[in-house]
Amino acid sequence: MSPMDKMWASFIAIGLMVAASFLITFARNKTKGILRFVLSLVAFLLFIPILLYMMVSMF
């Protein structure tokens, strides 16, 4: 992988991390019940591609 591709992979990982943190913050502060669970689950599932992109950008 070229260094430029690694840079874009790390940017995508950072953007997904920001999205996940906003989802968790919104879910904890503004929602209750099943919606809170669903948003938290979506944020948690975002960590799978975050980890993959992070690993791609490191190696």
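We number each residue from 1, following the sequence as shown.
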So if you build clusters from Ile, Leu, Val, Met, Phe, Trp, Tyr with side-chain heavy-atom gaps below 4.5 Å, do [X] and [Y] land together?
| X | Y | value |
| --- | --- | --- |
| Leu39 | Leu46 | yes |
| Leu41 | Ile24 | no |
| Phe22 | Val42 | no |
| Phe26 | Met17 | yes |

Is atom CE of Met1 surrounded by more than 12 heavy atoms (other residues, nucleotides or ligands) closer than 6.0 Å? yes
Supply the atom-to-atom distance Ile50 CD1 to Ile12 CD1, rounded to the nearest 0.5 angstrom. 11.5 Å
Strictly distance-based, threshold 3.5 Å: is any side-chain N or O of Ser21 a donor or acceptor partner for the main-chain N or O of Val18? yes
Using distance only, find each side-chain donor-acceptor pair of residues 51-59 under 3.5 Å and give its atom names and separation, not counting sequence neighbours.
from, atom 1, to, atom 2, distance (Å)
Ser57, OG, Tyr53, O, 3.4
Ser57, OG, Met54, O, 2.9

Quick one: which residue pairs count as a side-chain hydrogen bond (donor to acceptor under 3.5 Å, both in side chains) with a foot in residues 26-39, not counting sequence neighbours? none
Using the test ring pair (Phe, Tyr, Trp, His ring centres under 6.0 Å), find all partners of Phe47 that sit at least two apart in sequence or belong to another chain. none
